[in-house]
> 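Pasting a structure here, questions to come.
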Amino acid sequence: MEGGGGGDAFGSATAPLAWHDFLERMRQPSAAEFVKSIKSFIVTFSNRAPDPEHDSVAVQEFLENMEGAFRAHTPWAGSSEEELESAGEGLEKYVMTKLFNRVFASVPEDVKSDEELFEKMSLLQKFIQPENLDIKPEYENETSWLLAQKELQKINMYKAPRDKLACILNCCKVINNLLLNASIVSNENPPGADEFLPVLIYVTIKANPPQLHSNLLYIQRYRRQSRLVSEAQYFFTNILSAESFIWNIDAESLSMDERDFQKKMDLAREHLLGLSASSENQDNQTNLDVREQKSQANQNSDVNLSSKDNLHGPGLDIRRDSDVSDKPVERVQSISDLEKKGAAELLKEDDLYKKFQDYPFLFGRAGDLTVADVEHLLNSYKQLVLKYAALSQGMSVNLETPPVQSMQTVSDLVESEEPKNVKNAVNINESSEGSSKTYDDIKHGTLNSEVDNMTTQQTAVDPSYQKAQQDEATDQPEHA
Amino acid sequence: MGCSSSLPANNAGAVGNINNENSATDSKNLRVKLVLLGDSGVGKSCIVLRFVRGQFDPTSKVTVGASFLSQTLALEDSTTVKFEIWDTAGQERYAALAPLYYRGAGAAIVVYDITSPELFNKAQYWVKELQKHGSPDMIMALVGNKADLHDNRCVSSQDAKEYADRNSMFFIETSAKTADNINQLFEEIAKRLPRPAPS
């Protein structure tokens, strides 16, 4: 156990000022050797094929060695422990922002797990109730839990491990504060893990941030180990255990009847597809019919998922595709048939708006977007295209319309120039965000210009960051 | 029952241990991860809160729940021990997650409620788990909580003490309500921790 600042994951270490200080010092001539080492490490690393175990060890060792070197040389020699800690944070953030595209969800297993976990949570969130997890009624507060969900959903806005970790810790903090308030109101004992973990699991399922599995692995692998200790480690362990619990959720772990659980999962799947109307007939049909209907439903589900319900969703689902093609399917509808059917049913829904509320960008306007949103949007777009193309291929139909236009059909409610504006924003992103062109830059560019780029990026992210820090200032827990 | 009688008689151990073992931190300031196990409702978090709030600094602000707390204890031999206390969810459905929490822990407290034989059985389940999967040199304490409810006692101190002895744990009965034996519990754990060799 080491690392003085580890316990306080919200310390000032990578506050914007400290981050600028780090970049500033790296520009000094005396830091030339450091800059050289960092660049050389990033280049060597980027040229190797992904190997999570090895990659993690390499980064951890590099960070450790560099921190040791900072201690002994200008421009950090003679600095206080706090300043050195802050330099270490700056280094971690710099290196990992550069390596993000290379190491995040870099192996097929991780990508596959992301998709499976995302799908499982999107089904569970349709029917899970607080009591399924032993959340006592006096602690139930779904409306306020939205605040915790929001914190967790920010996790994909950041690239640095510490920033991602901060989203998790902020989420936990909101939950803790809500539990504490509830305990005071209801005159209960102060809440412990018996109360906390179930709410965290519930909030995680409801928030369902895309690529949660990869995010957690990324923090585990690339957050400097000496700083993932104490309170931060505790709450990180809690979300790991929430993930583990969610993977294993079955009827028993929710105290549900087996058949009831299966039925709710099936219903959730259908609901997700807007096919609830046709599902009502299923119970009256013979087993064979039910099976056919189900295979049909599965197919529909994926198509609809990709084209509208799942803008944030994980990409290509090859496993499912092949499952579907194995099954004898009698009535193959074309994509546009399915889309029309789905759209017609959607329009019948009373709470149409509600259906899309999980997709904040759908009703957004170009002016509302921040640079930080762009990466998220771009990822969603890529996944959407891949999934659409793969599903079309899987169903042996030609792509009738490019996916962007199909998005527009889905969302006639959105102004038509939206995609174009998004595209502009993407371009802005590419020119201002150093890390999105990691490889070439490292080879041809200078660190200084990258440093400038990263400064720009940080500025864009600052507002929410500072907000999180202000929150900190007010309800920072005090541990002796 | 009483606290002193249920404490194993090895108080001298603290001084004797100082030069014996290796550990991560320096010899005067120890830091230990302590995990709390026990069914929900046995008062795990109350024990910790009583320990953290009731000691040294009564103004210590505990603004957040008791799932993670840390507290530093000063011992007579002028060493300090910083406890980082990890609470675990005690409901049956979360039992399989416990290994994530006790991995790397230097100490564990297994809590039951003296008014419930069932919870005493559950405590024995946790002890077995820790023996199977925990670190072999983990300090383990068996704690019968709610000792203030002696009129409803269902688990005799004698039985619990014998069980603890057989499993090389130390045993103590506490009341988070009256604060009985709470400090003694943590002091005893602190004394039993392996001391790093002075460098």
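Values reported hereafter were calculated over all heavy atoms of this structure, with side chains retained and with hydrogens, waters and symmetry mates removed. Order of the sequence lines sets the chain letters (A, B, ...), proteins ahead of strands, with each chain counted from 1.
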> For the residue pair A:A193 and B:S67, what are the closest heavy atoms and their distance?
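Residues A:A193 and B:S67, closest heavy atoms: N-CB, 3.8 Å.
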> Would you indicate whether A:Q262, at its atom CD, is surrounded by more than 12 heavy atoms from other residues, nucleotides or ligands within a distance under 6.0 Å?
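Yes.
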> Taking side chain as everything from C-beta outward and backbone as N, CA, C, O, which of these in A:N181 sits under 4.5 Å from a heavy atom of chain B? Side chain, backbone, both or neither.
neither
> State whether the side chain of B:D87 and the backbone N or O of A:G192 hold a donor-acceptor pair below 3.5 Å, judged by distance alone.
no
> Return the OG to CZ distance between A:S230 and B:R31, rounded to the nearest 0.5 Å.
5.5 Å
> Enumerate the salt bridge (charged side-chain N to carboxylate O under 4.0 Å, His left out) contacts for residues 235-257 of chain A, please, sequence neighbours excluded, ordered by first and then second residue.
none
> Please report the interatomic distance CG(B:L97) to CD1(A:I201), rounded to the nearest 0.5 Å.
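One gets 6.5 Å once the value is rounded to the nearest 0.5 Å.
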> Go through the atoms of A:S183 and report whether side chain, backbone, both or neither lie under 4.5 Å from a heavy atom of chain B.
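Answer is neither: A:S183 stays 4.5 Å or more from chain B.
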> Any chance NZ of A:K120 has more than 12 other-residue heavy atoms, nucleotides or ligands included, within less than 6.0 Å?
yes
> Can you tell me which portion of A:N189 sits under 4.5 Å from chain B's heavy atoms? Options are side chain, backbone, both or neither.
side chain
> Is a side-chain donor or acceptor of A:Y234 paired with a backbone partner of B:I85 at a separation under 3.5 angstrom?
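Flag not set: sc A:Y234 to bb B:I85 has no pair under 3.5 Å.
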> Using a cut-off of 6.0 Å, state whether more than 12 heavy atoms not belonging to B:E92 lie near its atom CD.
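Not more than 12 within 6.0 Å, no.
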> Determine the option with the most heavy-atom pairs under 4.5 angstrom with chain B, choosing from A:N248, A:L240, A:N238.
A:N238
> Could you name each residue pair satisfying ring pair (Phe, Tyr, Trp, His ring centres under 6.0 Å) that touches residues 239-258 of chain A, not counting sequence neighbours?
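Only A:F245-B:Y94 qualify under ring pair (Phe, Tyr, Trp, His ring centres under 6.0 Å).
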> Rounded to the nearest 0.5 Å, how far does CZ of B:R93 lie from CD1 of A:I249?
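Answer rounded to 0.5 Å: 9.5 Å.
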> Which distance, rounded to the nearest 0.5 Å, do you find between the CZ of B:R103 and the OG1 of A:T237?
7.5 Å
> Do the side chains of B:Y101 and A:L197 get nearer than 4.5 Å, heavy atoms only?
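Yes, at least one pair of side-chain atoms sits under 4.5 Å.
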> Has A:E231 got a side-chain atom pairing as donor or acceptor with B:F68's backbone, closer than 3.5 angstrom?
no
> Flag the one option from B:A96, B:G90, B:A89, B:S45 with the top tally of heavy-atom pairs under 4.5 Å to chain A.
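Of the candidates given, the most pairs with chain A belong to B:A89.
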> Under 4.5 Å from any heavy atom of chain A, what part of B:S40 do you find: side chain, backbone, both or neither?
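For B:S40, the contact with chain A is made by backbone and side chain together.
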> Taking all atoms of both residues into account, what is the closest heavy-atom pair of B:Q91 and A:D194, and its distance?
NE2-O, 2.9 Å
> Just how far is it from atom CD of A:Q233 to atom NZ of B:K33, taken to the nearest 0.5 Å?
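Nearest 0.5 Å value for the CD-NZ distance: 5.5 Å.
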